[in-house]
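Counting convention: from 1, in listed order, for ligands and their atoms alike.
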Amino acid sequence: MRGSKVGRPCVEDGGRKVLKELDRERDEARPARDDVRASSLDIAPAGMEELSAQVVALVTEYFARVSEMPVFPAASAEDVAQIFRQPPPVAAEPLERVLEDCRRMFETSRHNGHPRFFGYIASPSTPVGAFATLIASALNSNVTSWRSAPAATEIERTVVRWLGSLIGCGEECGGLLTSGGSMANLNALFIAHRTKLKDDEASDKGLWNARAPATLYASDQVHLSIPKAADVMGLGREQVRVVTTDERFQMDVRGLRELIAGDIERGARPFCIVASAGTTSTGAVDPLEEIARVAEEYSLWFHVDGAYGALAALDSSKRAHFKGIERADSVSLDPHKWLYTPVDCGCLLLRVPAHAPAAFSATEQDYIKIYAERADEAFAFWDYGVELSRPFRALKVWMLLRYYGVERLAAAIAEDNALALYMAASVEAAADFQLLAPATLGICCFRYVPPRFRELLQTTDAPELAHVNAQLDVLNERVMQIVQRGGRAYLSNAMLRGRFALRASITNFRTTRRDIDITLETVRDAAHACSKEQL
Ligand SMILES: Cc1ncc(COP(=O)(O)O)c(C=O)c1O
């Protein structure tokens, strides 16, 4: 600046002193009142106090009431649409009216935090997680890289290391938080493909001229996100080679070996084995150690999909199931499934983090180029996954772990597992229920069997047995629908060896034995209602 009293920015303080002096000079030359913006959306202190008090009151009230609310609302899609399908509000509305509609939003929601919500895999949020989301949104960092979010980046890298060490993968792993298990699996398969097949041209030219199909291996219980990732990557769903499972729904390792050997013989290019550490349907954990050995033998990438189950390694009574996870090249795990963290929060762990930047290196563009001198300050999450803009997911995990401590969270997970065993034992002890899978982790799969069907199930006549099972499928499907819409409990379903199973997934720190008892009674009541419907 001409006439300026200040010199060239000095390197030691990043030029801050010099820039401050320039600012002061400019301020002196400015006309008064050019520091007001007519369209500012900021809220004055009194308004802020009112907004925060009322919002916090609403959230506090929800946490106090969630256990007493119906698990599922007694409202049709039409009822819900009538409340919310409104024209856009052109002018401001009073806060009270907006918050009143938020209350109605609670009333017309399904409550994953209810102690008898057992559907799918959805854990409740802790209050700490909810407030951490508020703090992260206030800061609103876009966690693309250290440059964009120094503290958030460091916290995320710390949280990833913590998660790695908690599940027994050591503190050396790197990776990133994702929107969930599906995105963690997609990133993992992409890195696996580029690392193992060294198809240098694939990034620029695509896969159309690949010499032979690239194949990966997973059990018949693998989550749908794996074939979906194969589809998205252009590999093709059929290249996910399906390995059968045993009676405990665990991958048959001998079958795996045979499949790989056969594929190599026909000229395919195997690159990855995906093991499940907690399948979605039953919670089965594949024999990780044996699978790791096969992967090493054939030099394949070993990915463990632990989106649902990996955090159960915190329960000492279940740790043995996870032996071998430390040999995985990558692991997916979801704090939003079994660390009681608000959606969204998945995680991809990489044993050798450097594989990720090598795989995503084609991402480089001028507008994201980093001009940093230190390696840590040049760190970018876009080198580790598909997303560029990313929320500050790590804060909710970081605050949760610090607020409760690992011991308390591990105890909650262990109690979820114990409740699944309690439910399985109750089912087995009852004359009108049948257990359809072992409760390895926190999932119990069973069906209602009316007493008159017990004997019919003993038949050795295959077509007759198929007929009985088909009738039980229809009955249990109807039972599930009645239970779901009844609002007292919520179960989902699984198809196990062609049979319709009622499925209870317990990842809820509010659930007690009493809730399990009430749920089984609710199933009985629904089954009785079905038999009345048929009369
Ligand atoms: C084993 C497993 N993998 C992956 C996923 C996908 O996770 P998300 O829903 O977080 O994408 C799930 C979801 O239930 C799962 O159970």
Contact (N/O only, under 3.5 Å) between Gly278 and ligand 1: no
Test: Glu326 and Arg351 ion pair at under 4.0 Å: no
Arg161/Glu172 salt bridge by N-O under 4.0 Å criterion: no
Lys337 N/O under 3.5 Å from ligand 1 N/O: yes
Nearest-neighbour protein heavy atom for atom 3 (N) of ligand 1, which is reported as residue plus atom name and distance: Asp305 OD2, 2.7 Å
Atoms of ligand 1 close to Gly180 [distance to a heavy atom under 4.0 angstrom, numbered from 1]: 10 (O), 11 (O)
Ring center gap for Phe118 and Tyr120 short of 6.0 angstrom: no
Ligand-residue contact atoms, ligand 1 with Asp334, heavy atoms, under 4.0 Å: 7 (O), 8 (P), 10 (O)
Asp344, portion touching ligand 1 at heavy-atom distance under 4.0 Å: neither
Aromatic contact, Trp301 with Phe271 (centres under 6.0 Å): no
Residues in ring-ring contact (aromatic ring centres under 6.0 Å, His included) contact with Phe131, at least two apart in sequence or another chain: none
Phe379-Tyr384 aromatic ring centre distance below 6.0 Å: yes
Ligand-side contact atoms (ligand 1) for residue partner Ile121, heavy atom cut-off under 4.0 Å: 14 (O), 16 (O)
Ring-ring centroid check Phe360 Phe190, cutoff 6.0 Å: yes
Residue Ser225 vicinity, atoms of ligand 1 by number, heavy atom under 4.0 Å: 4 (C)
Gly346 near ligand 1 by a heavy-atom separation under 4.0 Å: no
Any donor-acceptor N or O pair under 3.5 Å, side chains Thr519, Arg116: no
Test of proximity, Ser179 against ligand 1: N or O pairs below 3.5 Å: no
Ligand-residue contact atoms, ligand 1 with Tyr308, heavy atoms, under 4.0 Å: 16 (O)
Ligand 1 contact on His336 by region, counting heavy-atom pairs under 4.0 Å: side chain
Protein heavy atom at shortest distance from atom 16 (O) of ligand 1: Thr280 OG1, 2.9 Å
Positive for side chain to side chain contact (heavy atoms under 4.5 Å, CB included) with His303, one of Asn185, Ile273, Val331: Asn185
Shortest protein heavy-atom distance from atom 11 (O) of ligand 1, along with the residue and atom involved: Ser182 OG, 2.7 Å
